[in-house]
Amino acid sequence: MQYDLRQNNLRQSPSYMKWYPRAVRRATLNTKGLANHIVSHGSIYTRDVVEGLVVKFRDCIVELLSQGVGVKLDGLGTFYPSIEADGSDSPENYNVNDHLTGVHIRFLPEKVKDEQLTSQAFAKMVHLQQRFIIDRHGVPQQPVNDCQDDEE
C-alpha cells in the first residue's frame, strides 16, 4: 500500500505543521470488478454467477441492517446500523423527524484471535511504501523513486 506524506495546515489543530501519512487509494472496484477479481482466483463459478451472489449479498445485508439486525462475516467483521441525531431537552419534546441527522452503516473489524482485522493486525499485513511528499498546496514534491521504503 502506498502513502503520501502530508503536512497538517490547520492552524487551530494541536498537530499544526506535523507530517502524517495518507493512504493512496489506487482504485475502487465496483460489483462487477469484485466479481472479476474473485473469478480470477480460480473460482469454479463464472463472473455472472459471482456478481449475482455479490448483489444478493449486498441487498440482504442492507435489508437486515434496515431492520436493526447486525451482520457478522466471520473472519472479516460486523456491519451494524447506527443513528445520528441532535439531542432534545426532554423526551416529550423529542421528534425523530426533527432531530435525525443520519442513519449510518458502520463496520467493526473482526477481533477473534487468528482472524483479527484490527488496525494493529491489519498494519502487520500491509507493506507500506511512501509515494510522495505533498506540499501545503497539495503539490507532490518528491517522486516515489526518491522516497525511502519504511521497512528499510
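The first residue in the sequence is number 1, and the count goes up from there. Heavy atoms only: backbone and side chains are in, while hydrogens, waters and symmetry mates are out.
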Asp59/Val55 under side-chain contact (heavy atoms from CB on, under 4.5 Å): CA gap, chis, key distance, verdict = CA-CA 6 Å; Asp59 291 349; Val55 168; 3.8 Å; yes

Restricting to non-hydrogen atoms, name the atom on [X] and the atom on [Y] that form the minimum distance, rounded to 0.1 Å.
X      : Y     : answer
Thr31  : Glu51 : CG2-CG, 3.9 Å
Ser88  : Ser90 : OG-O, 2.8 Å
Glu110 : Gly75 : OE1-N, 3.0 Å

Got a second to check how far [X]'s [atom1] is from [Y]'s [atom2], nearest 0.5 Å?
X     : Y      : atom1 : atom2 : result
Leu64 : Ile61  : CG    : CD1   : 8.0 Å
Leu76 : Leu108 : CG    : CG    : 10.5 Å
Met17 : Arg11  : CE    : CZ    : 8.0 Å
Ile38 : Arg47  : CD1   : CZ    : 12.0 Å
Leu65 : Gln67  : CG    : CD    : 9.5 Å
Asp4  : Arg22  : CG    : CZ    : 8.5 Å

Determine all donor-acceptor pairs shorter than 3.5 Å in which one atom belongs to a side chain in residues 78-85; sequence neighbours excluded.
residue : atom : partner : partner atom : Å
Ser82   : OG   : Arg106  : NE           : 3.0
Glu84   : OE1  : His104  : NE2          : 2.6

Hey, quick one: are [X] and [Y] part of the same hydrophobic cluster, counting side-chain heavy atoms closer than 4.5 Å, chains of contacts allowed?
X     : Y      : answer
Leu73 : Ile105 : yes
Val49 : Leu53  : no
Val71 : Phe57  : yes

ask   = Would you say Tyr45 has more than 12 foreign heavy atoms packed within less than 6.0 Å of its OH?
value = no

query = Does Asp86 CG have over 12 foreign heavy atoms under 6.0 Å away?
reply = yes

ask   = Do Ser15 and Asn8 have side-chain N/O donor and acceptor atoms under 3.5 Å apart?
value = no

query = Hey, does the side chain of His37 reach the backbone of Gly33 with a donor-acceptor pair shorter than 3.5 angstrom?
reply = no

